[in-house]
Amino acid sequence: MVYPVSPPLLELLVLSMVSREDSYGYQISRQMKRVTEMKDSALYPVLRRLADGGFVEVYDRQFQGRNRKYYRITQAGRQEAERLRQEWDAHVDAVRGILDGAGEKEDGTEKERGTE
């Protein structure tokens, strides 16, 4: 991907994934690779930050004789995901507005609604 993914967006993506189902690190990492070229090792500080903030709970589960660390969203995590989602939506709308030229005259001032 050409565009970098910011720390708040990484958190939003992780919270969105674990809100659908409890997930383990490698599973989250595979999904993240669809939108970013981040290394697996870069994901774990994000997961730790979310756990330290009380946004996810961490627990171990046996898988093929080994413990696998799973992440489960908390109520605080759901609220944080919603807050980050609203910020993301506002950001995307602002970028789209610039790309489409909406809301701005050629002199850089804003257009009044209904006048074009």
Side-chain angles (χ1 to χ4, degrees):
M1 292 283 151
V2 173
Y3 301 102
V5 178
S6 68
L9 182 54
L10 287 173
E11 291 178 5
L12 173 58
L13 292 170
V14 169
L15 289 170
S16 295
M17 284 182 247
V18 298
S19 72
R20 289 187 285 281
E21 67 175 329
D22 294 3
S23 303
Y24 57 96
Y26 182 68
Q27 180 182 21
I28 295 168
S29 177
R30 282 192 324 222
Q31 291 181 9
M32 294 293 273
K33 289 181 191 278
R34 293 172 41 203
V35 295
T36 181
E37 295 176 2
M38 72 184 283
K39 296 187 182 336
D40 292 344
S41 61
L43 173 64
Y44 292 96
V46 174
L47 291 168
R48 194 172 318 112
R49 227 179 13 256
L50 291 171
D52 290 347
F55 302 125
V56 296
E57 296 173 348
V58 183
Y59 65 93
D60 290 335
R61 182 185 294 166
Q62 284 280 336
F63 180 78
Q64 295 181 348
R66 297 181 60 185
N67 274 346
R68 191 181 265 176
K69 193 176 285 191
Y70 279 80
Y71 300 87
R72 172 187 302 133
I73 195 165
T74 63
Q75 186 57 37
R78 290 184 191 287
Q79 292 169 347
E80 180 68 357
E82 180 58 30
R83 184 189 72 77
L84 290 170
R85 179 61 185 255
Q86 289 172 2
E87 288 285 330
W88 173 251
D89 289 343
H91 176 75
V92 168
D93 289 345
V95 169
R96 198 168 277 126
I98 291 171
L99 293 174
D100 296 343
E104 189 175 302
K105 294 189 218 174
E106 287 184 30
D107 66 2
T109 60
E110 287 191 35
K111 293 179 186 176
E112 291 181 33
R113 291 206 187 282
T115 63
E116 293 190 38

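Residues Ala51 and Val58 share a closest heavy-atom pair of CB-CG2, 3.9 Å. When all heavy atoms of Ser23 and Met17 are compared, the pair lying nearest together is OG-O, 4.1 Å. When all heavy atoms are compared, the tightest approach of Leu43 to Ser29 is CD2-N, 3.7 Å.
Note that OH of Tyr71 and CZ of Arg48 are 8.0 Å apart. Values are rounded to the nearest 0.5 Å. To the nearest 0.5 angstrom, Arg61 atom CZ is 14.5 Å from Lys69 atom NZ.
Under the salt bridge (charged side-chain N to carboxylate O under 4.0 Å, His left out) criterion, Asp40 pairs with Lys33, not counting sequence neighbours. With sequence neighbours excluded, the residues that form a ring pair (Phe, Tyr, Trp, His ring centres under 6.0 Å) with Tyr59 are Tyr70. Shown here are the side chain to side chain contact (heavy atoms under 4.5 Å, CB included) partners of Gln64, two or more places apart in sequence or in another chain: there are none. Residues passing the side-chain hydrogen bond (donor to acceptor under 3.5 Å, both in side chains) test with Asn67 are Gln62, sequence neighbours excluded. Judged as a side chain to side chain contact (heavy atoms under 4.5 Å, CB included), and not counting sequence neighbours, the contacts of Ala76 are Phe55, Thr74.
When hydrophobic clusters are built by joining Ile, Leu, Val, Met, Phe, Trp and Tyr residues whose side-chain heavy atoms come closer than 4.5 Å, directly or via intermediates, Val35 is grouped together with Val18. Under the 4.5 Å side-chain heavy-atom criterion for ILVMFWY residues, a single connected hydrophobic cluster contains both Ile73 and Leu84.
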Which atom pairs, donor and acceptor, lie under 3.5 Å between side-chain atoms of residues 86-95 and protein residues at least two apart or in another chain?
from, atom 1, to, atom 2, distance (Å)
Gln86, NE2, Glu82, OE2, 3.0
Asp89, OD1, Arg85, NE, 3.3

Can I get a per-line list of side-chain donor-acceptor pairs under 3.5 Å for residues 6-16, giving both atom names and the distance, sequence neighbours left out?
from, atom 1, to, atom 2, distance (Å)
Ser6, OG, Leu9, N, 3.4
Glu11, OE2, Arg49, NE, 2.8
Glu11, OE2, Arg49, NH2, 3.4
Ser16, OG, Leu12, O, 2.9

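The salt bridge (charged side-chain N to carboxylate O under 4.0 Å, His left out) pairs that include a residue from residues 12-23 are Asp22-Arg72, where partners are two or more places apart or lie in different chains.
A donor-acceptor contact shorter than 3.5 Å is absent between the side chain of Gln31 and the backbone of Ile28.
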